[in-house]
Amino acid sequence: MTTYLVLNLVFVAIVIVFLRFHRAHINKSRAIFITLAALLILTAVFDNLIVGLNIVDYHPEKILGLYIGVAPVEDFFYAILAVIVVPAIWHRLGAKND
């Protein structure tokens, strides 16, 4: 049985392979942490809205059962991965144009 955690771990593995293959470095600047905080806050607000309004539902056997409000923690993986991957891709594409 595939769970959302397994799906998230697949995406984490893809990100790790991407970062290693492209020799990308994770920029640990203040802007990255501010972006991460903003995305996590927005994810918490809007995921709680869409789950709370029953727009999206999760099978209880396929989630960990840990929630931030009514949103399962698995939803937050995507925001974290986006903050890692998007700057790496941006840097990589920008490096080719120099």
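Side chains included, hydrogens not; waters and symmetry mates left out as well; all remaining heavy atoms used.
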With the 4.5 Å side-chain cut-off for hydrophobic clustering, are [X] and [Y] part of the same group?
{"X": "Leu81", "Y": "Ile68", "answer": "yes"}
{"X": "Ile50", "Y": "Tyr67", "answer": "yes"}
{"X": "Val56", "Y": "Ile63", "answer": "yes"}
{"X": "Phe46", "Y": "Leu39", "answer": "no"}
{"X": "Leu66", "Y": "Ile41", "answer": "no"}

Student check: side-chain heavy atoms of [X] and [Y] closer than 4.5 Å:
{"X": "Val83", "Y": "Ile32", "result": "yes"}
{"X": "Phe76", "Y": "Leu40", "result": "yes"}
{"X": "Ile80", "Y": "Leu36", "result": "yes"}

Distance-only donor-acceptor pairs under 3.5 Å for side chains of residues 7-18, two or more places apart:
unit_1 : atom_1 : unit_2 : atom_2 : d
Asn8   : OD1    : Tyr78  : OH     : 2.9
Asn8   : ND2    : Tyr4   : O      : 3.2
Asn8   : ND2    : Glu74  : O      : 3.1

Go through the structure and list residues passing side-chain hydrogen bond (donor to acceptor under 3.5 Å, both in side chains) with Asp75, not counting sequence neighbours.
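Listed in chain order: Tyr58.
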On a heavy-atom basis, which atom in Gly52 and which in Val70 lie closest, and how many Å separate them?
N-CG2, 3.8 Å
Minimum heavy-atom separation for Ala82 and Pro87, please, with both atom names.
O-CD, 3.7 Å
Pairwise side-chain hydrogen bond (donor to acceptor under 3.5 Å, both in side chains) hits with a residue in residues 35-44, at least two apart
none
Sidechain-backbone polar pair: Asp47 side chain, Ala71 backbone, donor-acceptor under 3.5 Å
no
